[in-house]
Amino acid sequence: MPAPHVVTRFAPSPTGHLHVGGARTAMFCWAFARRMQGSFVLRIEDTDAARSSDESARGIMEDLAWLGIHWDQGPTLSWQGKAIGGDPYHVGPFSQAQRVKTHYDPHIMMLVEKGLAYPATESSEELEVERKKATAAKQTYRYNRASYQRIASVADRIKLIESGEPHVIRFFAPSGPIVVKDQVLGDVKIAPGELDDFVIRKADGLPTYHFAVVVDDQTMGITHVLRAQEHLINTPRHVALQQAFGFRSPIYGHMPLIFNTDGSKMSKRDKAKTARKALADAIAKGGDAGQLAAKLAILPTELDAFLRADNDSLDTAERIARHLRVALPEIEVADFREAGYSPQAINNFLALLGWNPGMKLPDGKDLERFDLAFLSEHFSIERIGKTNGKFDRKKLLSFNGDVLSAMADDAYFEAWRAWATACEPEFASKLASLDAATRALLVGAVKPRAKTFREATSACAFVFARPASYDVAAVEKHLRANDGQGLTLLRAFSGALDKLPTFDAPTVHTAIEAVATAHALPNPGALAQATRIALTGTTVSPGLDVSLALLGKAESLARIQACVVGHN
RNA sequence: GGCCCCGUCGUCUAGCCUGGUCCAGGACACAUCCCUUUCACGGAUGUGACAUGGGUUCGAAUCCCAUCGGGGUCACCA
């Protein structure tokens with residue numbers, strides 16, 4: 001099989017979940033490969049042995065698969081009965097840790113033999129001292145090539161490398177200027193002397209990112225590198241290495257970064273921050289820290305440390321959030337997945353953050369809503385923007401609401417159930433137990449008032465559970481006021497409902513109006529609100545007729561009865 | 001601080017390359033109104049931006065320069 005003329009890659013390091021920024025990078029790489037009828041590679045950059053894990057590599061792959069961003073080459077993942085990945089061009093393996101002896105070491109030795117790389121024996125601590133000195137003197141630190149000068153011959157260098165004495169390998173940086181050809185930003189020139197002799201192999205024998213990337217991009221035939229702008233500054237190093245080897249440089253495109261709306265970095269620590277604030281508020285309102293710790297099953301000292309921001313434990317944050325019922329911000333793709341977002345909305349929103357099709361709809365409005373299929377036909381590097389973006393959750397939420405409400409009722413129900421099966425198993429079994437008519441009624445009730453599946457779930461929670469308590473202010477206003485008018489109406493309504501031969505929404509609707517008219521109400525509002533309180537404990541619910549029909553006659557009457565008795 | 005990147009409504013952006021059709025268009029958010037038995041959905045309307053200052057030009061959001069502002073990066077992390 002001849003190699004395709006366009007090969008892109010997404011190369012995450014498996015040190016956590018897939019970040020939304022990473023998801024966007026992957027999507028653009030995927031889309032460009034599709035558009036050019038090329039190939040898309042997934043490569044796992046696990047050269048940081050301490051922080052990498054197979055578990056997170058697998059999580060990243062699952063998130064990508066869930067988003068619909070499927071790779072043509074890379075580690076294989078079986079997903080919904082299909083296999084994603086594989087090695088059709090025999091360029092694997094796709095985990096860098098597995099390429100050390102076969103790929104990196106030989107290439108490193110080539111450079112050493114050419115005099116373009118050399119072992120260096122300074123310890124990290126020694127270098128740190130030098131760095132601090134330079135900073136104190138307001139100078140830019142650059143490695144001084146001491147080891148290069150000290151061991152001047154290639155033969156001696158090889159001897160040192162083979163001796164087992166601790167060392168790193170450094171690359172002898174070229175003295176000329178480096179130009180990075182970037183299709184998003186234009187040519188970026190780096191002056192001579194800006195590059196120092198960076199490390200290409202660490203003391204543990206693993207290559208650094210800079211080195212592995214260059215060798216892998218070459219050996220995997222990568223033609224286009226799309227990545228975040230934070231890597232721009234690294235690119236001259238990669239170009240310098242490519243030139244040392246005589247490799248052709250791929251075409252680069254550095255994409256703008258994504259931040260929180262307040263301009264801060266979107267990171268996992270945001271979850272800890274949110275939880276910490278909630279905790280501080282709870283304590284300020286008179287909550288006892290010791291009791292809280294006990295309820296959370298956390299050591300008081302631990303909780304205290306968290307509160308003082310001595311640590312950002314995710315586990316602690318999640319316990320606090322669950323207990324205090326606050327929502328932690330979604331940061332990673334997995335978070336959005338659990339919150340009941342649809343992949344299509346996430347892809348659409350992310351694609352628009354830094355790219356734009358630049359097309360108009362027939363009515364003159366901008367074309368903004370599209371899916372992966374559209375991207376695979378229309379994506380272009382030229383239309384990637386240059387300015388950093390802020391992640392506006394409200395817009396994503398709005399997109400998600402639109403995607404969900406555009407789904408046919410059956411499809412909606414199936415997607416909802418699939419989400420619940422993965423994220424809310426108890427609720428999933430409740431959904432599964434419903435008959436077809438009730439399902440349709442439920443979807444109709446919930447779809448327009450929920451922007452995520454999690455919201456849909458809480459919007460219909462009342463169907464599956466009687467009110468645990470009644471909203472005090474609402475009871476005062478809608479049941480007790482006017483000499484208990486609400487309670488009187490409830491009794492009358494209960495009698496009317498009891499006499500209904502059938503209990504579907506239209507029949508119930510007629511009954512509501514009949515009772516309202518009989519009591520000379522200007523509109524059914526007073527009756528409706530009283531009934532809502534009886535059914536849900538609050539004044540918020542789907543349409544009252546639908547809510548009653550959903551509960552059924554017996555359950556509706558029981559709740560009204562319980563409410564009336566409880567408030568006499 | 002050095003080096004590099006960027007600067008259009010609160011946010012994401014269209015327009016910029018190829019100056020006039022832009023007293024700058026769309027989307028989300030916000031506000032008001034309509035619909036309505038609540039909350040939503042839906043419909044209508046509105047508020048709101050070319051960072052600043054100089055050039056070039058008959059004409060500049062669009063070209064040039066400077067200033068200011070934001071960001072990235074300065075590891076044996078990626």
Side-chain angles (χ1 to χ4, degrees), chain A residues 11-13 15 45-48 50-52 120 122-124 127-128 131 135 138-142 166-170 180 182 184-186 188-191 193-194 196 198-204 206 208-210 212-213 228-236 254 256-257 259 261 263 349 352-361 363-369 382 385-399 401 405 445-451 459 474 478 509 512-513 516 521 523-529 531-533 536 538-545 547:
Chain A
S13 61
T15 56
E45 308 223 322
D46 52 357
T47 54
D48 185 340
R51 294 199 305 150
S52 299
E122 296 85 355
S123 71
S124 317
L127 294 174
E128 191 53 35
R131 231 174 257 126
T135 312
K138 297 202 171 173
Q139 281 172 344
T140 305
Y141 171 76
R142 295 219 163 74
H167 66 276
V168 301
I169 307 284
R170 284 181 182 269
V180 176
D182 189 294
V184 173
L185 303 172
V188 178
K189 297 179 193 66
I190 301 296
E194 283 299 320
D196 72 351
F198 56 93
V199 173
I200 57 178
R201 189 168 74 186
K202 300 176 275 187
D204 65 3
L206 290 171
T208 59
Y209 154 78
H210 303 297
V213 158
Q229 243 176 56
E230 63 196 12
H231 290 290
L232 179 61
I233 215 84
N234 293 326
T235 311
H254 286 94
L257 271 11
F259 296 96
T261 343
F349 173 76
L352 242 18
L353 209 54
W355 184 81
N356 191 288
M359 294 179 193
K360 298 280 184 196
L361 264 6
D363 63 3
K365 295 185 172 181
D366 293 358
L367 190 157
E368 267 205 333
R369 306 306 177 98
E382 299 82 69
K386 297 180 178 186
T387 59
N388 292 341
K390 291 179 180 172
F391 193 95
D392 183 355
R393 287 155 199 288
K394 282 187 176 166
K395 184 158 184 169
L396 170 58
L397 203 55
S398 168
F399 273 40
S405 58
V446 128
K447 208 161 76 166
R449 38 180 59 77
K451 293 191 191 297
H478 298 288
H509 191 90
I512 296 169
E513 298 200 318
L521 296 177
N523 62 52
L527 170 60
Q529 291 305 72
T531 310
R532 279 203 173 84
I533 293 168
T536 72
T538 74
T539 54
V540 176
S541 82
L544 194 55
D545 45 2
S547 299

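Letters A, B, ... mirror the listed sequences (proteins, then strands); counts begin at 1. Everything numeric here is computed off the predicted structure, so don't read it as measured data.
Across all strands shown, B:C33 pairs with B:G43; the Watson-Crick or G-U wobble distances both stay below 3.5 Å. Nucleotide B:C68 forms a pair with B:G7, judged by Watson-Crick or G-U wobble geometry with both contacts under 3.5 Å. Across the strands present, B:A61 finds no partner; the criterion is a Watson-Crick or G-U wobble pair with both atom distances under 3.5 angstrom. When both distances must be under 3.5 Å, the Watson-Crick or G-U wobble mate of B:C17 does not exist. With a cut-off of 3.5 Å on both pairing distances, B:C77 has no Watson-Crick or G-U wobble partner at all.
Using a 4.0 Å heavy-atom distance criterion, A:L544 is classed as a base contact. The residue A:R393 sits apart from the nucleic acid: no heavy atom pair falls under 4.0 Å. Residue contacts shown for A:H254 are absent, as no nucleic acid heavy atom lies under 4.0 Å away. When heavy atoms are screened at a 4.0 angstrom cut-off, A:D196 is found touching no nucleic acid atom at all. A:Q229 comes within contact range of the sugar-phosphate backbone alone, with a heavy-atom separation under 4.0 Å but no base atom that close. Among the heavy atoms of the strands lying under 4.0 Å from A:V168 is at least one base atom, whether or not backbone atoms are also near. Residue contacts shown for A:P236 are absent, as no nucleic acid heavy atom lies under 4.0 Å away. A:Y141 comes within contact range of no nucleotide atom at all, as no heavy-atom separation falls under 4.0 Å. Counting any heavy atom pair closer than 4.0 Å across all strands shown, A:E382 reaches no nucleic acid atom. Among the heavy atoms of the strands lying under 4.0 Å from A:S124 is at least one base atom, whether or not backbone atoms are also near. At a threshold of 4.0 angstrom between heavy atoms, the contacts of A:G354 are confined to the sugar-phosphate backbone, with no base atom among them. Using a 4.0 Å heavy-atom distance criterion, A:R201 is classed as making no nucleic acid contact. Contacts of A:K386 with the nucleic acid, taken as non-hydrogen atoms under 4.0 Å apart, involve only primed sugar atoms and P, OP1 or OP2. If you check every strand for non-hydrogen atoms under 4.0 Å, A:T387 touches sugar and phosphate atoms only.
A sub-4.0 Å separation between OP1 or OP2 of B:C28 and a side-chain N or O of A:K365 is absent. Within the 4.0 Å cut-off from OP1 or OP2 of B:A78, at least one side-chain nitrogen or oxygen of A:T47 is found. Between A:K451 and B:A40 there is no side-chain N or O to OP1 or OP2 distance below 4.0 Å. Phosphate proximity of B:C76 to A:R170: present, with a side-chain N or O under 4.0 Å from OP1 or OP2. Between A:K447 and B:A40 there is no side-chain N or O to OP1 or OP2 distance below 4.0 Å.
Panel note: side chain A:T538, backbone A:V540; a donor-acceptor pair is recorded below 3.5 Å. Distance alone, capped at 3.5 Å, is enough to place a donor-acceptor pair between the A:D182 side chain and the A:H254 backbone. Here the side chain of A:S547 pairs a donor or acceptor atom with the backbone of A:P542 at under 3.5 angstrom. A:T47 places no side-chain N or O within 3.5 Å of a backbone atom of A:L206 that could act as its donor or acceptor partner.
Summarising the geometry, the separation between CZ on A:R131 and P on B:C76 is reported as 5 Å, rounded to the nearest angstrom. Spacing between atom CD1 of A:I200 and atom P of B:A78 amounts to 13 Å, rounded to whole angstrom units. The interatomic distance linking A:L127 (CG) with B:C76 (C1') rounds to 9 Å, in whole Å. Between A:E230 atom CD and B:C4 atom C1' there is a gap of 14 Å when expressed in whole angstrom units. B:A75 atom P lies 8 Å from atom CD of A:E128, rounded to whole Å. Atom P of nucleotide B:G15 and atom CE of A:M359 are separated by 11 Å, given to the nearest angstrom. Counting to the nearest Å, the C1' atom of B:C39 and the CD atom of A:Q529 are 9 Å from each other. Nucleotide B:U11 holds its C1' atom 13 Å from the CG atom of A:L396, rounded to whole Å.
Map A:D366 and A:A450 each onto its nearest nucleotide of RNA chain B; the residue landing nearer the 5' end is A:D366.
A:Y209 and A:H231 have tilted rings, their planes meeting at an angle from 30° to 60° on a 0 to 90° scale.
For the atom pair A:K451 NZ and A:F399 CZ, the distance stands at 12.0 Å (nearest 0.5 Å). In this structure, the separation between OG1 on A:T140 and CZ on A:R131 is 13.0 Å, given to the nearest 0.5 Å.
Comparing the C1' positions of B:C28 and B:U18 gives an interatomic distance of 32 Å, to the nearest angstrom. The C1' atoms of B:U73 and B:U13 are separated by 27 Å, rounded to the nearest whole Å. A distance of about 6 Å separates the C1' atoms of B:G59 and B:G20, rounded to the whole Å. B:A61 and B:C9 have their C1' atoms separated by 14 Å, with the value rounded to a whole Å.
Anti is the conformation of B:C34, whose glycosidic angle sits further than 90° from 0.
On a pure distance criterion of 3.5 Å, a polar donor-acceptor pair joins the side chain of A:K395 and the base of B:A27. Checked by distance alone, A:D392 brings no side-chain donor or acceptor within 3.5 Å of a matching partner on the base of B:A29. Side-chain atoms of A:R449 come within donor-acceptor range of the base of B:C39, with a qualifying N/O pair under 3.5 Å. No hydrogens or angles were tested; on distance alone, a donor-acceptor pair under 3.5 Å links the side chain of A:H509 to the base of B:U37.
Side-chain atoms of A:K394 lie closest to B:C30 of the nucleotides B:C4, B:G26, B:C30.
In this structure, A:L352 and A:N356 approach most closely via the heavy-atom pair CD1-ND2, 4.2 Å.
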